[in-house]
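Chain letters run A, B, ... following the sequence lines, proteins first and then strands; every chain starts at 1. As the structure is a prediction and not an experimental result, all values here were calculated from the model.
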Amino acid sequence: MAKNVGVVFCTCGGKLKEKIDFDSVKDYLKEVEGIKEVVITDDLCVSPYEKLSCLKGKVDGIVFGGCSERSSLKFNEDMIEKTLVSLGIDPSFYEVVNLREQCFYIHDDLEGIDRKIKDSFSMALEKLRSNIPSYKEKIKEKVLIVGGGIAGQRCAQALADLGIESTIVEEKPYLGGKGLEVALFWQSESSPSFCTTDCVVPVVGRDTLLRKEKIKVLTSSQVVDVEKKEGKFVVKIERKPLYVDPNKCVSCGECSKVCPVEVPNPYNLGKTKIKAIDKPLPLAIPDYYTIDDEACTKCGKCEEVCPQNAINLNAKEETITEEFGSVVIATGFTSYDMKVFENLSYGEEGVLTLREFERYLANGLFKESPKEVSFVLCLKDKVGYCSKITCNIVIKQAFLLKRNNKNVKVRIFAKELRTTGRAFEEFRRRAKKLGVEFIKEAVEKVERKEGKLEVATTNSIYTSDLVVLAEPLVPQQVKISKMLDLQLDKFGFPLEFQPRVINPLETFVKRVFVIGGAKGFKDVQESIESALGGAVRVYKALKGERKKYYSTIDQDKCSRCETCLSCCPHGAITITKDEKVFIDPSLCRGCGLCYPPCPSKAIRFNNLEDEQILRMAKVAFRNLEKGKPRVLAFLCYWCAYGAADLMGIKHKEKLPENFRTIRIRCSASLSLDVIAKIFEEDLADGIVVAGCPVANCHHVFGNYMQERRIEAFKEMLELMGVKNKVVRWEYIGVPQGKKLAKAIREVLKALEVENVKA
Amino acid sequence: MSKLKFAYYLAGGCAGCDTSLLDTGEKLLEFLDNVEITFFAPTIADFKYEDPEKLPPKSIDFGFVTGNIRNEEHEKIAKVMREKCKVLIAFGICASCGGVKGLSALFKDEEILQKVYGKEWKSLLSGEVPKLKRARALDDVVEVDYYVGGCPPSREHIEKIFKTIIDGSLPPKGSWLTMGKAVCDVCPRNPILKGKKKKQITQVKRFLDVPKEDECLLEQGYLCLGAVTQGDCGARCTKANVPCRGCGGPIPGVRDFGTKAISAIATSFEDISFLKKIPSSVHLFYRYSLVKSLPMILKEKLGERK
């Protein structure tokens, strides 16, 4: 608790003095107990450390009065916290009186301003004095990377280079992911040319293994359980039996030679054969032979011939439990189940998906090379989204087919082809020049008739020996996302944490990131861009955060009703093995959504408790003239409070002085209990609660939640005929200062009318 | 050791609490070995209202009042009880929060009387009938030391209260006599028992059909108030496939049961349109606690009555 409080005013270059009598406020503060120092400066933002060095060791908490901690371009809350740390003060122990944005710019009545400022100081003091120290996250400095594709590996490499250990968990026996399926990658946006998988994939794989001190690779492994525990992700990984020791095997292939069992090679869609002990592809990394557990008869021949003594047929499945501080999801995407579209005859010979076609072409799996090839696009209207890279893959393939063999007839059926950017437009031009036909008609049916495939469009019928269906791509991380309790969009992709435009790789769960194709369709280069970006974000996240606002739960009070669980958008609340509800402060984003609905009052929302808000409300109108309606506006941390800051500066709004604002974490962190108590004790007459606009809540659904509660509560007040107490909900985005001003004004007006009636 | 002196008064109630008290059977006999009944009216034992009035102040060790305060007679005897009892316990949700009969506050007395007794109600009710007053909880009339929820309190709950009294292990004054946790904590349907997370409410169902036996009622769309209600009943209703209606009263620390119920239920809704699907919100959320609810208090402050 802050016992010795310092008060720091800044006059904003003297400007605020035009309307604010700082001496009067200073005199007022003299009466307040516990205020050790009052500093008045004209330009705190210019040299904060210098200006405040006089407070060092004297105070353990500061109330700032000046510009907005939310919107100030020079001295916002991040700067404040940094300054406090330099003074040796816990960053929880400050509060701000918003003199500039929410007083100077929106009010003109000097007496009203004076009263408002005095009250606002009392509010800030009440809050400050009931704050508790901040929470320092405890983070394990180790990263789990789910998926050993190119993105996952590049991320692990970057982390290793930053000194961070990681474990890659890959389902397949080898690294490389989707990249291995494609023979030729397109290069970059600047260059319509190709890189070969045979070159690139081993380069990336070797780079991973080179960093073995920092990167642990678990192939043939799967994450089967994630438990969140005190800031850690306790992850259970199942690894298939390791019959061949990768550290001993030198890939001489003697084992494979003597193996009597042949199996279809899954890498080539089962179209080629390998032995039960084999390498599915020669360039597979890690470079060792693996055994197909189901097919192997355990005859022991391979064990006998292995010159390295690397084979142990008695190896057992292993369950590995490891603790991580951060998780990177790099599971990529997969193909839509094309059997759903019966009219397209998928499964019929000669009808392939685009991904299958890549494998066929790369391995020469065609019995005879096709002379007429049809590419069929697009199913975005059926599945609801565009897979983004599919048109580009089609144009690449069509171009390559035609370039390699001028006699092949290549048709692309698409009502519109989205060849994006520079390189793909170039591919399209070249394909056209080479004679690829573009048929802008929707395909209604694909069927085999008298030995030939027929593609029927709205206008015509075309024959073909090969039909390639450009399948929609689908996310592949749903299983791991469910384990981590991520927020997903309606198609199954993880939602990015708000503001998502600047946090493209953050999920709603702290320290869980999504990179590569798992977060949306990307080509290899784009995937790696996100992988490298992700590594930096992980690095930062592992440092741990110091937070002022966070929830904790009291097990003695908790009734396990799970109301909080269903409203935590950040996966910070979990069910423990002994059937208890646990809130992990290290995963908590401090939104406070769990707090108001808790029926058992078992949750504490540290540094923004109901009692703290009530303490503030009790002093909020102490200096206001009697008879004037009193309105308290509870504004959400980012949007609504930001809008309030711009009411005057940007929108030139002027408002009466008899309202006060309280910045809350999310509109939904405010309890109805507090509203009820404020009315019951007659601490205010009107309450405005404002949260982010529809579809923009930083905590997914906090705004909707609070609107529902307030509307239900309002209905009760109305039913009872209560008119002299008003509560109002508003959706307010940062640019909607005018809308907020209107709401406050209307509530004040309505209360004035009621006052007159009474 | 001398026996504890005990008094019991049924005010504006239905005698359900009295019945539940009798339901404790053998435990009641054990209890009666330890206490001496100095007053019990108007049910069960033969006492007159004048009897306690004759006793000196604070001469009774503890008294139970059940039912709410709805007329002059209730108020008068409640005050006598307060004067004579060292410890006064509001026994059952009516005495504690006004109870279901507190919903009468939604109407004018004339409307209710006419509905019940017909147009001639005035002549029918002339004479010795105590004058009606608006429904109140016991603590609106006298100071209350302890509160007990339930409509009525369950047998097991009452047995525990007996034990607490006999052992002299009562908590600080002003407390609810409760195990302190919600119905969900003792409900066999709680998804946590299967390690599962409670689903959002995606539909609102009225309790007109038969719910699935082993699933959380709220998840099914029945607006069960188990999460906000004291669970001393042992989740009796939900075990009988009936949604909890909140008779147990608020979890300690919660000031206004109905407001908390709104918080919990509206939070769990998938969509705001569901609010309109509740047939009568006031009856759902404030069924047993309207007279202690904030909207009611504000209404009273306004001095308006519909």
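- Atom CD1 of B/Ile272 is separated from atom CE of A/Met705 by 13.0 Å, given to the nearest 0.5 angstrom.
- Proximity to chain A is absent for every atom of B/Leu284, based on heavy atoms less than 4.5 angstrom apart.
- For A/Asp556, the part lying under 4.5 angstrom from a heavy atom of chain B is the backbone only.
- Here CD1 of B/Ile265 is found 8.0 Å from OG1 of A/Thr563. Values are rounded to the nearest 0.5 Å.
- B/Glu270 touches chain A through its backbone: at least one of N, CA, C or O sits under 4.5 Å from a heavy atom, while the side chain does not.
- The most heavy-atom pairs under 4.5 Å with chain A, out of B/Ala264, B/Ser263, B/Pro252, B/Gly180, come from B/Ser263.
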message = Using side-chain contact (heavy atoms from CB on, under 4.5 Å), reason through A/Leu717 and B/Leu298 one step at a time and then give a plain yes or no.
response = CA-CA 8 Å; A/Leu717 290 180; B/Leu298 288 179; 3.8 Å; yes

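- In this structure, the portions of A/Leu565 lying under 4.5 Å from any heavy atom of chain B include both its backbone and its side chain.
- Checking side-chain atoms of B/Lys260 against main-chain N and O of A/Pro596 turns up a donor-acceptor pair under 3.5 Å.
- Both the backbone and the side chain of A/Phe713 have a heavy atom closer than 4.5 Å to some heavy atom of chain B.
- Only the backbone of B/Lys196 comes within contact range of chain A, with heavy atoms under 4.5 Å apart.
- Your options are B/Thr229, B/Ile262, B/Ile278, and the one with the most heavy-atom pairs under 4.5 Å with chain A is B/Ile262.
- In terms of non-hydrogen atom pairs under 4.5 Å with chain B, the most contact-rich of A/Thr576, A/Asp682, A/Asp485, A/Ile575 is A/Ile575.
- Contacts between A/Lys577 and chain B at a heavy-atom distance below 4.5 Å are absent for every atom of the residue.
- The greatest number of non-hydrogen atom pairs below 4.5 Å with chain B, out of A/Ala668, A/Ser600, A/Ser566, is found for A/Ser600.
- Heavy-atom distances place no part of B/Pro250 under 4.5 Å from chain A, backbone and side chain included.
- Between A/Pro599 and B/Val254 the shortest heavy-atom distance is O-CG2, 3.4 Å.
- Using a 4.5 Å cut-off between heavy atoms, B/Phe257 makes no contact with chain A at all.
- Looking at A/Glu579, the atoms closer than 4.5 Å to chain B (heavy atoms on both sides) sit in the backbone and in the side chain alike.
- A donor-acceptor pair is defined here as one N or O able to donate and one able to accept, closer than 3.5 Å; no such pair exists between the side chain of A/Arg709 and the backbone of B/Ala266.
- Heavy-atom contacts from other residues, nucleotides or ligands closer than 6.0 Å to NZ of B/Lys101 number more than 12.
- With hydrogens and angles disregarded, a donor-acceptor distance shorter than 3.5 Å links the side chain of B/Lys198 to the backbone of A/Cys561.
- Using modelled atom types, one finds no donor on one side chain facing an acceptor on the other under 3.5 Å when comparing B/Thr267 with A/Arg708.
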task = Start with the C-alpha gap between A/Lys677 and B/Asp256, add the side-chain angles, then the distance that decides, and say whether salt bridge (Lys or Arg N to Asp or Glu O under 4.0 Å) holds.
result = CA-CA 9 Å; A/Lys677 200 90 183 160; B/Asp256 179 349; over 6 Å; no

